[in-house]
Each structure stands twice: as structure tokens, then as C-alpha cells.
Enquirer: 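Submitted below is the structure of interest, expressed as C-alpha cells.
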Number of protein chains: 2
Amino acid sequence: FISCTDVVRVYRIGDIEIAALRGLSLEVDRGEMISIMGPSGSGKTTLLNILGGLDRANAGTIRVDDVSLGFTPVSELVNYRRRVVGHIFQNLNLIHTLTALENVELPMIFNETDRGTRKKRAEELLHIVDLSDRLQHKPDELSGGQQQRVAIAAALANDPPILLADEPTGELDSETSRIIVNYLLRINREFDKTIIMVTHNPIVAAATRRILRIEDGNIVGTYTPAQM
Amino acid sequence: FISCTDVVRVYRIGDIEIAALRGLSLEVDRGEMISIMGPSGSGKTTLLNILGGLDRANAGTIRVDDVSLGFTPVSELVNYRRRVVGHIFQNLNLIHTLTALENVELPMIFNETDRGTRKKRAEELLHIVDLSDRLQHKPDELSGGQQQRVAIAAALANDPPILLADEPTGELDSETSRIIVNYLLRINREFDKTIIMVTHNPIVAAATRRILRIEDGNIVGTYTPAQM
Ligand SMILES: Nc1ncnc2c1ncn2[C@@H]1O[C@H](COP(=O)(O)OP(=O)(O)OP(=O)(O)O)[C@@H](O)[C@H]1O
Ligand SMILES: Nc1ncnc2c1ncn2[C@@H]1O[C@H](COP(=O)(O)OP(=O)(O)OP(=O)(O)O)[C@@H](O)[C@H]1O
Ligand SMILES: [Mg+2]
Ligand SMILES: [Mg+2]
């Protein structure tokens, strides 16, 4: 369903080259939920950005369902990002001039969802992440963990078949982390969502059936929860 | 050394009041390193922002050494922030137009440190956080964890006697977290720094001798590492 073969991503800054991905290969089946762990700077966000259609690899092939990401025109990438993949960003990417509710509505506005449907859906998602009493608050009026939960709700707004979650529990206490991970597990099982989650927390990773280890831009190992 | 007595902080947004701190009291001795844990939205960042001279309480008394923070004129708060306290922010607060090196130099520029001294110190601190090979990179050219480490180095630039660390390892893998926490423990012991660290990670908290639990804007318990 998701297939990466020998993916390379090199960033160039002046004369310096940083090889973030060095011929990375992985496969994820439809309806699977996996975790990726690895040291800081090992290429996790880079990988998720490419899978999310926000960046392009320098070499290698990436297929998501019937979309070959390296060959897709920019106009079709926009459609891919709206309908196929939801992305919980490590740096949250909330719009600071919009309220929590408006941040969750925004992806649906781009998707041309009607007003009543999107407001109801946004309220529903913010309820799931326990922020029903903060709908009209802007990001600067929320704690770090509350902001992260708005970002999670926003990523789910268009009910995407694939979810890329880049450290979705980094700012959250254990109990709230558990609620979020349980929610992701539920939508994986009940709605057949494909979920790739990056995490530094082995307890969170152990909730998934397969954990990949990335180091220096390559997958170096696969683990089961028991091995965590 | 640090004393909070019945500290209240209420945020008002239109007609709504959010009571972030509800009569919180705590004491920290000079040279002590403590942790604070608590659920998302429980008041941890609010407390650190007040102790860091970035916000004011609505009621209560806060003394840090001989400075009474509620009565300090703004001009003296600026001096307090430059010389007395270093702050590792939860949202990092890096300047995106500056390189890693310049971000660490900036607090020293405000402190009027001479150029040669500050460049050397900045390089030294970025070496400690294992970023010697990334001095000229801007935050957008660094991973999430690399950015966090720049923020840590910046907080230490003026060698403050007090360090407020708001989730300093949230973006870091276990090994890098361990390096950072060991470094903080070392400066606490060798240089008598007073450190207050907020963390969601019980392993990180257990590195300190005293762990405070905060819930709904109050300290509700004190623990030892053994109890973690
Ligand atoms: N500028 C603000 N305006 C309004 N409310 C605020 C503001 N800053 C914080 N709050 C609210 O005050 C409460 C405490 O926030 P605080 O940031 O101190 O929590 P926290 O314990 O650091 O949480 P987290 O673990 O999520 O970072 C929260 O309900 C938050 O939404
Ligand atoms: N825009 C960019 N320009 C230059 N280098 C970059 C850029 N983005 C990432 N890098 C570099 O590529 C490498 C991989 O970065 P990436 O963000 O994928 O790491 P990561 O595994 O997500 O790390 P973390 O756990 O710290 O978030 C790092 O060395 C990083 O500094
Ligand atoms: Mg990352
Ligand atoms: Mg906080």
C-alpha cells in the first residue's frame, strides 16, 4: 500500500550536504499501524514529510496506493494532501490567528466541506481530545499539550485513510498520551486507517504491532512490542 | 532562595476566566535541583513564566533571592532575566532568521559580553549539546531535537545561577535526553546552580531528588525518586 524503495534525501546548504535519508526502504500494508523510532536527526521527520507530499526525495521510489509521489505534479500533490493523508506535525503548524475550532475547520474548508458539517466535525474532534471547553481559544491561550491536541484534531479533520503522526505525544502527560494513542488504535481497527507514528517513547511504540528503527537515514531494524 | 506563597494567576479572555494557578506555594533551596510533573494544562509553564520574570501573578508573593518579583519594576525584570535566570522554553523561542551559533550568542549580546568571549562560549555550549557541526544552520535546517538542543545551549549562555527548564527533553530520544539531564545534574553539583525542571517523563524526573506534582494550579504532592 505504502512502498519506499531506496529513498534518498540530501539537503544542500551552500557547500554542505546533509544526507537525511540514505537509501531507505520500507513497506506498510493497508490498515496497518506502525511506529518509527530513532535518534534525533536520523531522518524521521524527513521521511514523514516526503510521505506527506510536502517534500520530494532526490532518488528512489515512493508509492502510496496508486500515487507515485516522485512523479506527481504539484497540483495533484495538493489533492493528495487534502484527501489521502492527514499529518500531525512535530512543530504543530497551528495558525496563531485562528481559534482552536477554526484550526480544525481549516483543512475542511480547503476540502470544500459545507459549513454545518465542518463545524460539527471540528467540535466532535475537539471533544475527543478533551478540549470542548476551549474551542474559541487561540493557540497562545492554550498550554503546550493543549496545542498539540488541537493539531491532532486538525490532522483528522478530513478523515484521511492515512495518518502520519510525528511525535504526537511529545508534549502530553502519560494519561493524555494514553487517551490519544488509544484513539489512534481505535480508528486504525474500526476504520482501517493506515497509521505511521514517530515516537521517542517505547511505551507508545509498543502499542503498535511493528516498530521500525531508523538510524542515519536508514531502517536498521524491526521489532515487536515484546521486544520493546 | 526561591519562595512562592499563595500564588494566583488568572487569564481573562473576554468573559471567560482560566485559573492557571490557584494559590500555589513552593520553596526551593539554593543549589537544589527539583522536577515538576503534572497533567497538561495544570499550570507548569505558567509557574515557570512567572519565576522567569516573563509574566506576573495576580496575587501571592514570589521571592527569588532578594528579588520580590511582584513588585519589581519592568526595567529591573529585564536585568533579572539577563543575569539571574536562564529559561529553556517549551516552545523553544528560537529566532528563525539567526543561525544556531547566533541564537546562543544573542543572550550574551544583550548582556554586553565581548565578541570573542561570546563566540567561544557559544561554540563550547553547542559542543556540549553535540551540535558542533551545525553552528551555521538556521532552525528550519535542523531537526526538532536539534532545535531543542540549541534552545538548551541558549538558556545556558549567560551562566545563570537559576535555570528553568520547561520540558527540555520532550523532543529528544532516550540517549540524547540522558546526555542533557546528566549535563544539568553536573552543573547543579559542580556550580551550585538551582534548577527547576518540568517534565512528563518519570525517568527524567527520577534523576532529581525532589519531584513536585502539580494539578489544577496547585502543588498536590512531593515525591522522592524511589517513589517514581
Ligand atoms: N495566555 C494565556 N491565555 C489564556 N489561558 C492561558 C494562557 N496561558 C495558559 N493558559 C491556560 O492556563 C492553564 C495552564 O496553562 P500552562 O501552560 O501553565 O499548562 P501546562 O501545565 O504547562 O500544560 P502542558 O503540559 O500542556 O504544557 C491552561 O488551561 C491554559 O490553557
Ligand atoms: N530543511 C533542512 N535543511 C537542511 N537540513 C535539514 C533540513 N531538515 C532536516 N535537516 C537535517 O536532516 C537530518 C534529519 O532531520 P529530521 O528532521 O528528519 O530528523 P528527525 O529524525 O526527525 O530528528 P528529531 O528526532 O530531532 O526530530 C538532520 O541532520 C537535520 O538537521
Ligand atoms: Mg523530527
Ligand atoms: Mg507547559
Side-chain angles (χ1 to χ4, degrees), chain A residues 11-16 18 20 37-46 48-49 89-92 94 96 99 129-131 133-149 166-167 169-177 179-180 198-203 205 213-215, chain B residues 11-16 18 20 37-46 48-49 89-92 94 96 99 129-131 133-149 166-167 169-177 179-180 198-203 205 213-215:
Chain A
Y11 294 102
R12 287 184 177 81
I13 305 159
D15 294 341
I16 293 167
I18 308 285
M37 295 187 78
S40 180
S42 56
K44 301 177 299 291
T45 294
T46 300
L48 289 197
N49 281 347
F89 296 98
Q90 188 173 21
N91 67 357
L92 310 186
L94 297 175
H96 284 273
T99 66
V129 297
D130 197 24
L131 283 173
D133 56 341
R134 312 302 293 280
L135 304 183
Q136 301 305 330
H137 289 201
K138 295 184 186 170
D140 291 343
E141 300 160 335
L142 299 171
S143 78
Q146 289 164 343
Q147 290 177 37
Q148 192 163 47
R149 291 186 263 143
D166 199 347
E167 316 240 22
T169 63
E171 304 289 335
L172 305 181
D173 58 280
S174 312
E175 177 59 21
T176 311
S177 293
I179 290 167
I180 298 299
V198 167
T199 181
H200 282 304
N201 185 336
I203 294 168
R213 176 128 184 116
I214 189 171
E215 289 183 5
Chain B
Y11 295 100
R12 285 184 182 86
I13 303 157
D15 295 342
I16 293 162
I18 307 287
M37 296 185 77
S40 181
S42 56
K44 302 179 298 294
T45 293
T46 301
L48 289 196
N49 281 348
F89 295 98
Q90 187 175 20
N91 67 358
L92 308 188
L94 296 176
H96 284 270
T99 65
V129 296
D130 197 25
L131 283 174
D133 57 341
R134 310 302 293 280
L135 304 184
Q136 301 305 331
H137 289 200
K138 294 182 184 169
D140 291 342
E141 299 159 338
L142 298 172
S143 78
Q146 289 164 342
Q147 290 177 38
Q148 192 165 47
R149 292 187 260 143
D166 200 346
E167 317 238 23
T169 63
E171 303 290 332
L172 306 181
D173 57 282
S174 309
E175 177 58 22
T176 311
S177 292
I179 289 168
I180 297 300
V198 166
T199 182
H200 282 307
N201 186 332
I203 293 168
R213 177 130 182 113
I214 188 172
E215 285 181 8

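So you know, we letter chains A, B, ... as the sequences are listed, proteins then strands, and number each from 1. When reading the values below, keep in mind they use all heavy atoms of this one structure, side chains included, and skip hydrogens, waters and symmetry mates.
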Enquirer: Shorter than 4.5 Å, heavy atoms on both sides: which option in B/G170, B/P39, B/S174 has the most such pairs with chain A?
Expert: B/P39
Enquirer: Should we count CG of B/N91 as having more than 12 external heavy atoms under 6.0 Å?
Expert: yes
Enquirer: If you tally heavy-atom pairs under 4.5 Å against chain B, which of A/T46, A/T176, A/T199, A/I13 wins?
Expert: A/I13
Enquirer: Walk me through it: do B/R149 and A/S40 pass the test side-chain contact (heavy atoms from CB on, under 4.5 Å)?
Expert: CA-CA 10 Å; B/R149 292 187 260 143; A/S40 180; 3.1 Å; yes
Enquirer: Below 4.5 Å from any heavy atom of chain A, which atoms of B/I18 appear? Answer side chain, backbone, both or neither.
Expert: side chain
Enquirer: Heavy-atom distance under 4.5 Å to chain B: side chain of A/S143, backbone, both or neither?
Expert: side chain
Enquirer: Return the option, out of B/L172, B/T45, B/N201, with the maximum number of heavy-atom pairs under 4.5 Å with chain A.
Expert: B/L172
Enquirer: Under 3.5 Å, side chain of B/H200 to main-chain N/O of A/E171, donor-acceptor pair present?
Expert: yes
Enquirer: Is A/Q146 in contact with chain B via its backbone, its side chain, both, or neither, using a 4.5 Å heavy-atom distance?
Expert: both
Enquirer: How close do B/D173 and A/G38 get, heavy atom to heavy atom, and via which atoms?
Expert: CB-O, 4.0 Å
